[in-house]
S.K.: 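Okay, handing you the structure first.
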Amino acid sequence: MLKIYNTLAREKQVFTPIQAGKVSMYVCGMTVYDFCHLGHARVMVVFDMVSRWLRTSGYEVTYVRNITDIDDKIIKRANENNETIGQLTQRFIDAMDEDSAQLGVIRPTLEPKATEYVNGMIEMIQTLIDKGFAYTAANGDVFYAVNQFEGYGKLSGKSLEDLRAGERVEVDTFKQDPMDFVLWKAAKPNEPSWDSPFGGPNHGKGRPGWHIECSVMSSHLLGAHFDIHGGGQDLQFPHHENEIAQSEATHRCQMVNYWMHNGFVRVDDEKMSKSLGNFFTIRTVLEKYDAEVVRFFILRAHYRSPLNYSDQHLDDAKLALTRLYTSLRGQVAADVEVDWQQPLAARFKAAMDDDFNTPEAMAVLFDLANELNKSKSTETAGLLKKLAGILGLLQRNPDDFLQGDMSQTLNIDDLIQARAEAKKAKNFAEADAIRKQLLEAGIVLEDTPQGTTWRRA
RNA sequence: GGCGCGAUAGCAAAGCGGUUAUGCCGCGGCCUGCAAAGCCGUUUAGACCAGUUCGACUCUGGUUCGCGCCUCCA
């Protein structure tokens, strides 16, 4: 029985889908004005893992991850780069697709773009105005009136009084309440804009605010009420709080049953973020580390825990993953159906059902590897590969992982051959010299009963 | 200031009121010509102070420290 930590309830709850056998899940995706960093990688990998486990559990999953392709930063960046917004966003959407594919992330079922739903946004904003939850300000911006929504603060555990007390933002004189947030931004010169009926100095011309995008895309694609909504912890407030306010005021029903928030990636114990400038892009990291190592590194921590990034930790993850691949090397992995009664499989399932406890699930993988090293059983190899596959790991030919792109290095085989001959002639000095030469080139030799193999250091 | 989260061995990271987490590193052994890999064994824990309990790393309270949100942010 799957349990999920629900941010809304602040506890683990048994997962019961709205519709038996089906799960609808929405995750806030990227704003595409730059390359994705490791924080984005974590969101992609974590919710990919979630969707995989849900599918493994027998659910038919509709997974929506949106793309924000209109926003202040995009406009600014496009201007700086002297390219159109469309060129800029497409470039970074392509880059994101490359990065996520590298990380073994299965494409979400649907990846809506904000710009394709502007009409829907205008409709929802109009509904909110009609119902008294929103108003057009003197400057043409449309704001959501937070004091009109009873449950405002229920997700983040904040009260409007506390929020106002801690108010650090310059008060926008056009707002009725400092906590009101923008639904529609009046157009400024040289900015893309859409026509709307909201009035104001420039006759409604403008563009949608960020929060409204997700309310509209989720309800269009998953309905007014759906199962799971995910995203990074930093979106809990205000973004997700605002989504609830918009959607529930519009549809008059609960928006989401389970809210899931993944922890941050940190650098030196500080949150990795664009604003702090301490971020590493996925592609930078992939220059140095195998993408599967990065995925392994992410899944090695619980999704709600902070994850400290450093080369040392990636190196450690690489060694650990090497152990798993080494156990599968030269083994035939039987294409088994997982028997969930099998003790280790049962442990794996219990771990995953317990709020997606991937660290514990991975411990099972290592236990299986140990068993495999002893038994050389094709069944065990099959089970290891199958369970790891649920996490999106260990699906490559072990040699691909262990040897990497070193296989282009010339004459490894010749040197191994020469060493074998030296050994045969009991010329161990020569044999060791060859081994040392290869080691210095980053190649580790391993003598086995079946002959000598190699891997990258 | 308000709200919330965390503190586990050298590093990383889980579960659990009493019994080996797991991976890397270290140490001893087996294996090996020697290594590597693997196997067997093993050293390092639970910030601090109280309390509950037959028994607490695990529950409760407090202290200290760290982090996050309250502003765009995954």
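Because the structure is predicted, anything quoted here is derived from the model rather than measured. In what follows, chains are A, B, ... by sequence order, proteins preceding strands, each numbered from 1.
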S.K.: I want to verify a distance call: between B/rA37, B/rC40, B/rC3, whose nearest atom is closest to the A/Lys374 side chain?
M.R.: B/rC40

S.K.: For each nucleotide in nucleotides 26-32 of chain B, reading 5' to 3', give B when a protein heavy atom comes within less than 4.0 Å of its base, S when such contact involves only the sugar-phosphate, and - otherwise.
M.R.: -------

S.K.: How is A/Ser275 classified with respect to the nucleic acid when contacts are heavy atoms under 4.0 Å: base, sugar-phosphate, or nothing?
M.R.: base

S.K.: Output the single nucleotide from B/rC67, B/rC70, B/rA74 whose closest atom is nearest the side chain of A/Phe237.
M.R.: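 Within the option list, the nearest is B/rC70.
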
S.K.: Between B/rG26 and B/rA14, how far apart are the two P atoms, rounded to whole Å?
M.R.: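 The answer is 24 Å between these two P atoms.
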
S.K.: Output the single nucleotide from B/rC72, B/rA37, B/rG33 whose closest atom is nearest the side chain of A/Asp432.
M.R.: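 Minimum distance to the A/Asp432 side chain belongs to B/rG33.
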
S.K.: So A/Gly263, base contact, sugar-phosphate only, or nothing? Heavy-atom distance under 4.0 Å.
M.R.: base

S.K.: Compare side-chain N and O positions of A/Asn373 against OP1 and OP2 of B/rC39 and report whether any pair is under 4.0 Å apart.
M.R.: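 Yes.
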
S.K.: Please tell me which of A/Gly231 and A/Ala429 maps to the more 5' nucleotide of RNA chain B, matching each residue to the nucleotide holding its nearest heavy atom.
M.R.: A/Ala429

S.K.: Can you check the distance between B/rU64 and B/rC48, where both ends of the measurement are the C1' atom (answer in whole Å)?
M.R.: 7 Å

S.K.: Sequence neighbours left out, what passes ring-ring contact (aromatic ring centres under 6.0 Å, His included) with A/Phe35? Give chain and number order.
M.R.: A/Phe92

S.K.: I'd like to know if the side chain of A/Gln403 reaches the main chain of A/Trp454, judged simply by a donor and an acceptor atom lying under 3.5 Å from each other, with no hydrogens or angles considered.
M.R.: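 Yes, because the side chain of A/Gln403 sits within donor-acceptor range (under 3.5 Å) of the backbone of A/Trp454.
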
S.K.: Distances for protein N/O vs nucleotides 5-7 of chain B N/O pairs under 3.5 angstrom?
M.R.:
none

S.K.: Quick check on RNA chain B: between A/His37 and A/Lys423, whose nearest nucleotide comes earlier from the 5' end?
M.R.: A/Lys423

S.K.: Let me check something: any side-chain donor-acceptor pairs from residues 386-400 of chain A under 3.5 Å, sequence neighbours excluded? List them with distances.
M.R.:
from, atom 1, to, atom 2, distance (Å)
A/Lys386, NZ, A/Asp335, OD1, 2.9
A/Lys386, NZ, A/Val336, O, 3.3
A/Gln395, NE2, A/Lys385, O, 2.9
A/Gln395, NE2, A/Leu393, O, 2.9
A/Arg396, NE, A/Glu292, OE1, 3.0
A/Arg396, NH1, A/Asp290, OD2, 3.3
A/Arg396, NH2, A/Asp290, OD1, 2.6
A/Arg396, NH2, A/Asp290, OD2, 3.0
A/Arg396, NH2, A/Glu292, OE1, 3.0
A/Asn397, OD1, A/Asp399, N, 2.9
A/Asp399, OD1, A/Arg329, NE, 2.8
A/Asp399, OD1, A/Arg329, NH2, 3.0

S.K.: Under 4.0 angstrom, heavy atoms only, what part of the nucleic acid is A/Lys271 near: base, sugar-phosphate, or nothing?
M.R.: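 Answer is base: heavy atoms of A/Lys271 come under 4.0 Å of a base.
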
S.K.: Once each nucleotide of nucleotides 13-23 of chain B is scored for protein heavy atoms under 4.0 Å, what B/S/- sequence comes out, 5' to 3'?
M.R.: SSS-----BSB

S.K.: Examine distances only and state if a side-chain atom of A/Asn66 and a backbone atom of A/Gly29 form a donor-acceptor pair shorter than 3.5 Å.
M.R.: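 Flag set: sc A/Asn66 to bb A/Gly29 pair under 3.5 Å.
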
S.K.: Please state whether the phosphate of B/rC73, meaning OP1 or OP2, lies under 4.0 angstrom from any side-chain nitrogen or oxygen of A/Trp210.
M.R.: yes

S.K.: Just checking A/Val265: base, sugar-phosphate only, or nothing, at a heavy-atom cut-off of under 4.0 Å?
M.R.: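 Contact class for A/Val265: base.
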
S.K.: Which part of the nucleic acid, if any, lies within contact of A/Arg419, taking any heavy atom under 4.0 Å across all strands shown: a base, the sugar-phosphate backbone alone, or nothing?
M.R.: base

S.K.: Could you spell out the base pairing of RNA chain B in dot-bracket, with Watson-Crick or G-U pairs whose two distances are under 3.5 Å, [ ] crossing and | to another strand?
M.R.: (((((((..(((.....[...))).(((((.......)))))....(((((..]....))))))))))))....

S.K.: If you check every side-chain atom of A/Ala431, which of B/rG33, B/rC39, B/rU71 has the closest atom?
M.R.: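 That would be B/rG33.
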
S.K.: For nucleotides B/rC11 and B/rA35, find the distance between their C1' atoms and express it as a whole number of Å.
M.R.: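 About 26 Å, rounded to a whole number of Å.
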
